[in-house]
Amino acid sequence: MSESQASARRRRILERARAVPVGFVTTYGDLWPQAPRLAGHALSTCEDPEVPWQRIVRADGSLAKGERQRRLLEREGVPFSGARVCMEVARVPAEALDDLTRGD
DNA sequence: CGGATGACGCAGT
DNA sequence: TACTGCGCCATCC
């Protein structure tokens, strides 16, 4: 590996994150199934404004960044069910992200 | 180089 | 539903 694989994975994670449409969300696990924590770390260190970090939520729909994140999502029209995102409606599955990043 | 920590996920209780 | 333990991988001490 000429360049660290870590940054390669990181880039792919962020690329998938960018594929999530306005009004929808996806999960850390969908971004990178083998290491959800890696997805979280990638986002936490990412400063790229093109990456919609607020659209990445936990698998159960709870938010990592609390009220700040919630406000951004509601503003995009993401449906909530109590304190969590209504995943049944707003979730973009891993396969869909796969498709979006492929055709891109 | 080993352990703790994190924007996690899941099974078990 | 909430909490716990373990697996996962990169970073920081």
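What you see below is based on every heavy atom in this structure, not just the backbone, and it leaves out hydrogens, waters and symmetry mates. Naming convention: chains lettered A, B, ... in sequence-line order (proteins, then strands); numbering from 1 in each chain.
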Worksheet item: What's the verdict on side chain to side chain contact (heavy atoms under 4.5 Å, CB included) for A/R10 and A/T45, showing C-alpha distance, side-chain angles and the deciding distance?
Response: CA-CA 10 Å; A/R10 200 192 130 144; A/T45 60; 3.2 Å; yes

Fill in: Side-chain heavy atoms of A/L73 within contact of A/R55, under 4.5 Å
yes

Discussion item. In this structure, how many angstroms lie between the P atom of C/dA10 and the CZ atom of A/R11, rounded?
Written reply: 14 Å

Discussion item. Classify A/W53 by what it touches in the nucleic acid, base, sugar-phosphate, or nothing, heavy-atom distance under 4.0 Å.
Written reply: base

Item to complete: Using whole Å, report how far CG of A/L43 lies from P of B/dA7.
Response: 11 Å

Practice prompt. Starting at CH2 of A/W32, measure out to CG of A/L14 and round the result to the nearest 0.5 Å.
Written response: 11.0 Å

Fill in: Step-by-step side chain to side chain contact (heavy atoms under 4.5 Å, CB included) determination, A/R71 to A/E67
CA-CA 6 Å; A/R71 194 185 143 252; A/E67 201 168 322; 5.7 Å; no

Item to complete: Could you check how far CD of A/Q54 sits from P of B/dA7, rounded to whole Å?
Response: 17 Å

Worksheet item: Just how far is it from atom CG of A/L31 to atom CZ of A/R12, taken to the nearest 0.5 Å?
Response: 12.5 Å

Practice prompt. Quickly work out the A/W32 CH2 to C/dA10 P distance and round it to whole Å.
Written response: 10 Å

Discussion item. What is the separation between atom CG on A/L14 and atom P on C/dA10, rounded to the nearest whole Å?
Written reply: 14 Å

Worksheet item: If you round to the nearest 0.5 Å, how far is CZ of A/F24 from CG of A/L97?
Response: 12.0 Å

Discussion item. Within the structure provided, determine whether A/V78 and A/R70 are in side-chain contact (heavy-atom separation under 4.5 Å).
Written reply: no

Worksheet entry | Separation of B/dC8 P from A/L63 CG (nearest whole Å) | 11 Å

What are the atom names and distances for every N/O pair under 3.5 Å that joins the protein to nucleotides 9-13 of chain B?
from	atom 1	to	atom 2	distance (Å)
B/dG9	OP1	A/G29	N	3.3
B/dG9	OP1	A/A59	N	3.4
B/dG9	OP2	A/A59	N	2.9

Discussion item. Mind checking if A/R84 touches a base, just sugar-phosphate, or nothing, with heavy atoms under 4.0 Å?
Written reply: sugar-phosphate

Response to the item:
Rounded to whole Å, CG of A/L31 lies from P of B/dA7 at a distance of 16 Å

Worksheet item: In whole Å, what is the span from the CG atom of A/L73 to the C1' atom of B/dA7?
Response: 13 Å

Fill in: Residue met sooner reading DNA chain C from 5', once A/H41 and A/Q34 are mapped to nucleotides
A/Q34

